[in-house]
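Side-chain atoms are counted along with the backbone in the values below, which use heavy atoms only and exclude waters and symmetry mates.
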Amino acid sequence: HVQLVESGGGSVQPGGSLTLSCKVSSTTKLTFCMGWFRQAPGKEREAVAAHYTGTATTYVADSVKGRFTISRDKAENTLHLQMNSLQPEDTAMYYCGVDTGAPPENLDEWVQWIDSRGQGTQVTVS
């Protein structure tokens, strides 16, 4: 069972920046795909970005491309999501998730295969 501990999030004005972090622990898997998805009230879950550790492949949603950057600190087994130029439509609960199976073809596939997730952290842009 993979444990995920999230940090970061908060409230910012439009155009501001935030960084989310997710530390992965309690896993013996050497390769997995970890990333972030978000869900706003009344809206469907949306995959934001993910990183497959085996090949260092990253996946980024078109809605955040050019504004959000995903990176991994291998030594700390921590995933970071740097969010710049935040807009009100980015307001949501952000969750860190891990898929310990085969590398996904795309973000939509990854978010469906998530087998562990964090508790979520709120991001509010207003």
Side-chain angles (χ1 to χ4, degrees):
H1 178 66
V2 178
Q3 291 186 332
L4 307 170
V5 179
E6 299 152 340
S7 59
S11 297
V12 295
Q13 294 182 344
S17 298
L18 286 172
T19 300
L20 306 183
S21 297
C22 176
K23 186 172 178 63
V24 180
S25 60
S26 303
T27 178
T28 57
K29 291 280 289 185
L30 296 179
T31 58
F32 47 86
C33 192
M34 59 190 299
W36 297 90
F37 65 94
R38 64 189 182 184
Q39 189 158 22
K43 294 187 177 180
E44 292 195 2
R45 181 179 59 180
E46 178 189 15
V48 176
H51 172 91
Y52 180 66
T53 61
T55 57
T57 301
T58 59
Y59 311 78
V60 181
D62 288 342
S63 59
V64 304
K65 198 166 289 184
R67 301 188 297 122
F68 290 13
T69 302
I70 189 170
S71 61
R72 179 190 177 215
D73 182 332
K74 188 175 180 180
E76 295 293 326
N77 218 12
T78 299
L79 188 72
H80 302 289
L81 184 69
Q82 175 66 44
M83 304 184 294
N84 298 326
S85 301
L86 283 161
Q87 300 301 318
E89 53 265 34
D90 296 316
T91 295
M93 185 70 80
Y94 284 69
Y95 298 89
C96 178
V98 168
D99 158 30
T100 56
E105 290 291 326
N106 50 53
L107 276 175
D108 288 340
E109 191 170 89
W110 167 73
V111 78
Q112 292 179 34
W113 290 355
I114 289 172
D115 41 43
S116 298
R117 75 172 205 186
Q119 77 283 2
T121 185
Q122 179 68 37
V123 171
T124 302
V125 186
S126 63

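Under the side-chain contact (heavy atoms from CB on, under 4.5 Å) criterion, Pro88 pairs with Pro14, Val125, sequence neighbours left out. Under the rule for a side chain to side chain donor-acceptor pair (under 3.5 Å), Arg117 has no partner lying at least two apart in sequence or in another chain. Judged as a side-chain contact (heavy atoms from CB on, under 4.5 Å), and not counting sequence neighbours, the contacts of Asn106 are Asp108, Glu109. Annotation: side-chain contact (heavy atoms from CB on, under 4.5 Å) contacts of Ala102 (sequence neighbours excluded): none. Shown here are the side chain to side chain donor-acceptor pair (under 3.5 Å) partners of Asn84, two or more places apart in sequence or in another chain: Ser17, Gln82. Cys96 pairs by the disulfide (SG to SG under 2.5 Å) definition with Cys22, not counting sequence neighbours. Here Thr69 pairs with nothing under the side chain to side chain donor-acceptor pair (under 3.5 Å) rule; sequence neighbours left out.
In plain terms, the two heavy atoms of Asp90 and Ser85 that are nearest each other are OD2-O, 4.3 Å. Residues Met93 and Gly120 approach most closely at SD-C, 3.7 Å, considering heavy atoms. Summarising the geometry of Val111 relative to Ala47, their closest heavy-atom pair is CB-CB, 4.0 Å, with the distance given to 0.1 Å. Here the closest heavy-atom approach between residue Phe32 and residue Thr100 is recorded as CB-CA, 4.1 Å. Scanning all heavy atoms of the two residues, the minimum distance from Arg38 to Ala92 falls at CB-CB, 3.8 Å. Contact record, Leu20 with Thr121: CD2-CG2, 3.9 Å, taken as the closest heavy-atom pair.
Between Leu81 and Thr19, the closest side-chain pair of non-hydrogen atoms is not below 4.5 Å.
With Arg72 as reference, Asn77 is the one residue of Val24, Asn77, Thr58, Thr78 to meet the side-chain contact (heavy atoms from CB on, under 4.5 Å) rule.
Interatomic distance, CG of Leu4 versus OG of Ser25, reported as 7.5 Å (0.5 Å rounding). Rounded to the nearest 0.5 Å, atoms CH2 (Trp36) and CG (Leu107) are 14.0 Å apart. Interatomic distance, His80 NE2 to Lys23 NZ, rounded to the nearest 0.5 Å: 9.5 Å. For the atom pair CE of Met34 and CD1 of Ile70, the computed distance is 7.5 Å after rounding to the nearest 0.5 Å.
In the hydrophobic clustering, Val5 connects to no other residue, as no ILVMFWY side-chain heavy atoms lie under 4.5 Å from its own.
The neighbour count for Glu105 CD, taken as heavy atoms of other residues, nucleotides or ligands under 6.0 Å away, does not exceed 12. Counted within 6.0 Å of NZ on Lys65, heavy atoms from surrounding residues, nucleotides or ligands total more than 12; the atom is thus considered enclosed.
Annotation: disulfide (SG to SG under 2.5 Å) contacts involving residues 60-94, sequence neighbours excluded, are absent. Note on residues 2-22: no pairs pass ring pair (Phe, Tyr, Trp, His ring centres under 6.0 Å), not counting sequence neighbours. Listed by first and then second residue, the ring pair (Phe, Tyr, Trp, His ring centres under 6.0 Å) pairs involving residues 95-126 are Phe37-Tyr95 (not counting sequence neighbours). Screening residues 40-64 for ring pair (Phe, Tyr, Trp, His ring centres under 6.0 Å) gives no qualifying pairs among residues at least two apart or on separate chains.
No donor-acceptor pair closer than 3.5 Å links the side chain of Gln122 to the backbone N or O of Gly9.
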Derivation of the side chain to side chain contact (heavy atoms under 4.5 Å, CB included) call for Val123 and Thr91: CA-CA 5 Å; Val123 171; Thr91 295; 5.9 Å; no
